Amino acid sequence: MSKEQMTTTADDAIITVRNLSKYFDDFEALRDITLDVKRSEVLCLIGPSGSGKSTLLRCLNFLEQYDGGEVHLDGELIGWQDISHNPRKPLSGEALRKQRQHIGMVFQHFHLWPHMSALDNVAEALTSVKKLSKKKAKEAAMAALTKVHLEDKAENYPANLSGGQQQRVAIARAIAMEPQVMLFDEPTSALDPELVGEVLSVMKDLAAEGMTMVVVTHEMGFAAHVADRVAFLDSGRLVTCVPPEEMFGREPDDARVRSFLQTYRERNVV
């Protein structure tokens with residue numbers, strides 16, 4: 001089913017964030033964040049470096065233990081056993097691993113096993129986590145590599161792949177697990193400029209298929225043309241979250257957002 005054929009309602013949120021806070025010692029990295037992400041929605045997180053974008057993303061799958069508030073995936077509390085306890089009690093490792101099976105994560109750097117082929121890098125989690133047979137895991141891995149247009153590179157090792165190809169293998173590894181949502185933490189920031197387009201093209205394909213995606217990005221063109229909504233963060237606060245035409249198509253109401261976008265426009269064209 002294409003994204004255009006899917007329908008969502010205001011209540012059809014797969015991720016709900018309520019009053020989220022995160023501290024690093026005395027530093028408040030996230031301040032009272034409340035946000036919903038609908039099924040099949042693409043939400044882009046933008047803002048200056050250090051604004052809390054990556055921290056928020058990492059809290060969504062509990063790579064960072066958030067200190068206050070709640071994160072739910074499809075109604076299930078992420079990371080904590082019970083927020084009524086003080087101090088809070090985190091889930092066991094096994095329970096957290098089960099939650100994370102539903103959340104695909106793609107980082108700035110590719111984190112591929114250098115001694116494994118592209119196919120084996122994708123298949124590894126399918127055998128070790130999902131307990132598929134080697135045959136079924138390789139079939140699913142090849143299907144994922146085909147989706148990112150790398151079926152002809154299945155037997156190549158990471159050292160023989162470009163940075164863009166390695167990032168597409170990382171995306172294939174995530175989507176092979178059939179997650180409910182995909183999180184992207186600046187997936188093109190470590191790439192040479194000429195390789196950015198191939199990764200963004202794969203992400204556009206996933207968006208068109210209806211994959212729910214939360215993307216931390218400095219690629220304003222991608223946010224403008226692919227996102228359903230764009231959230232601007234600054235100093236750990238969610239300043240605004242609006243459709244891209246409101247963010248980029250007119251002068252934003254907030255002075256900080258205007259300043260950020262003006263700086264970007266001086267260097268680029270959205």
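All figures in this text were calculated on a predicted structure; none of them were measured in a lab.
In this structure, Ser259 OG and Asp234 CG are separated by 9.5 Å, a value rounded to the nearest 0.5 Å. Atom CG in Asn61 sits 9.5 Å away from atom CD in Glu64 (nearest 0.5 Å). One distance of note links CE of Met247 with CE of Met220; it measures 9.0 Å at 0.5 Å rounding. Atoms OG and CD, from Ser40 and Glu209 in turn, are 12.0 Å apart once rounded to the nearest 0.5 Å. Here Phe222 contributes atom CZ and Cys44 contributes atom SG; the two are 5.0 Å apart, rounded to the nearest 0.5 Å. Distance check: Gln101 CD to Lys130 NZ gives 7.0 Å after rounding to the nearest 0.5 Å.
In this structure, Asp32 and Leu20 have side chains that are not in contact, with every pair of non-hydrogen atoms separated by 4.5 Å or more. His218 places none of its side-chain heavy atoms less than 4.5 Å from the side chain of Ile46. In this structure, Val239 and Val257 have side chains that are in contact, with non-hydrogen atoms separated by less than 4.5 Å. Using a 4.5 Å heavy-atom threshold, the side chains of Ile103 and Leu60 count as separate. In this structure the side chain of Ile78 never reaches within 4.5 angstrom of the side chain of His72, judged on heavy atoms. Taking the side chain as every heavy atom from C-beta outward, Glu219 and Leu200 approach each other to under 4.5 Å. In this structure, the side chains of Met211 and Met203 stay at 4.5 Å or more apart for every pair of heavy atoms. The shortest side-chain heavy-atom distance between Arg173 and His111 falls under the 4.5 Å cut-off.
Although no hydrogens or angles enter the test, the distance criterion places a donor-acceptor pair under 3.5 Å between the side chain of Gln166 and the main chain of Leu161. Thr146 places a side-chain N or O within 3.5 Å of a backbone atom of Met142 that can act as its donor or acceptor partner. A distance-only check finds a donor-acceptor pair linking the side chain of Gln99 to the backbone of Gly79 [under 3.5 Å]. For Ser117 (side chain) and Tyr157 (main-chain N/O), no donor-acceptor pair under 3.5 Å exists by modelled atom type. Using modelled atom types, no side-chain atom of Glu246 and backbone atom of Val230 make a donor-acceptor pair closer than 3.5 Å. Formation of a donor-acceptor pair under 3.5 Å by the Ser201 side chain with backbone atoms of Gly197 is not found in this model. When atom types are taken as modelled, the side chain of Gln167 and the backbone of Phe107 share a donor-acceptor pair closer than 3.5 angstrom. Asp82 places a side-chain N or O within donor-acceptor distance of the main-chain N or O of Ser84, the cut-off being under 3.5 Å. A donor-acceptor pair under 3.5 Å is formed between the side chain of Arg168 and the backbone N or O of Val148. A distance-only check finds no donor-acceptor pair linking the side chain of Asn121 to the backbone of Leu112 [under 3.5 Å].
Around the NZ atom of Lys98, the shell of radius 6.0 Å holds no more than 12 heavy atoms that belong to other residues, nucleotides or ligands. The environment of CD in Gln81 is crowded: more than 12 heavy-atom neighbours from other residues, nucleotides or ligands sit within 6.0 Å.
Pairing each heavy atom of Met213 with each of Ala207, the nearest pair is SD-N, 3.8 Å.
No continuous path of ILVMFWY side-chain contacts below 4.5 Å connects Met177 to Leu73, so the two sit in separate hydrophobic clusters. When hydrophobic clusters are built by joining Ile, Leu, Val, Met, Phe, Trp and Tyr residues whose side-chain heavy atoms come closer than 4.5 Å, directly or via intermediates, Ile15 is grouped together with Val216. Under the 4.5 Å side-chain heavy-atom criterion for grouping Ile, Leu, Val, Met, Phe, Trp and Tyr, Val71 is connected to Leu63 within one hydrophobic cluster. Hydrophobic clustering (side-chain heavy atoms under 4.5 Å, transitive across Ile, Leu, Val, Met, Phe, Trp, Tyr) groups Val17 together with Trp80.
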Evaluate the side-chain contact (heavy atoms from CB on, under 4.5 Å) criterion for residues Glu155 and Leu119: first the C-alpha distance (whole Å), next the side-chain angles of each, then the deciding distance (0.1 Å), finally the verdict. CA-CA 6 Å; Glu155 299 305 324; Leu119 184 69; 3.7 Å; yes
Run the numbers on Lys53 and Asp185 for salt bridge (Lys or Arg N to Asp or Glu O under 4.0 Å), then give the verdict. CA-CA 9 Å; Lys53 305 183 299 295; Asp185 190 5; over 6 Å; no
In sequence, state the C-alpha distance, the side-chain angles, and the governing distance for Asn19 and Glu70, and then conclude on side chain to side chain donor-acceptor pair (under 3.5 Å). CA-CA 7 Å; Asn19 307 114; Glu70 306 171 32; over 6 Å; no
Would you please test Thr240 and Asp254 for side chain to side chain donor-acceptor pair (under 3.5 Å) and show each step? CA-CA 8 Å; Thr240 187; Asp254 186 87; over 6 Å; no
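Checking His149 against Asp205 by side-chain atom types alone, a donor-acceptor pair falls below 3.5 Å.
Using a 4.0 Å cut-off between charged nitrogen and carboxylate oxygen, Arg31 and Glu28 count as a salt-bridge pair. Classification of Asp12 and Lys38 as a salt-bridged pair fails, no side-chain N sitting under 4.0 Å from a carboxylate O.
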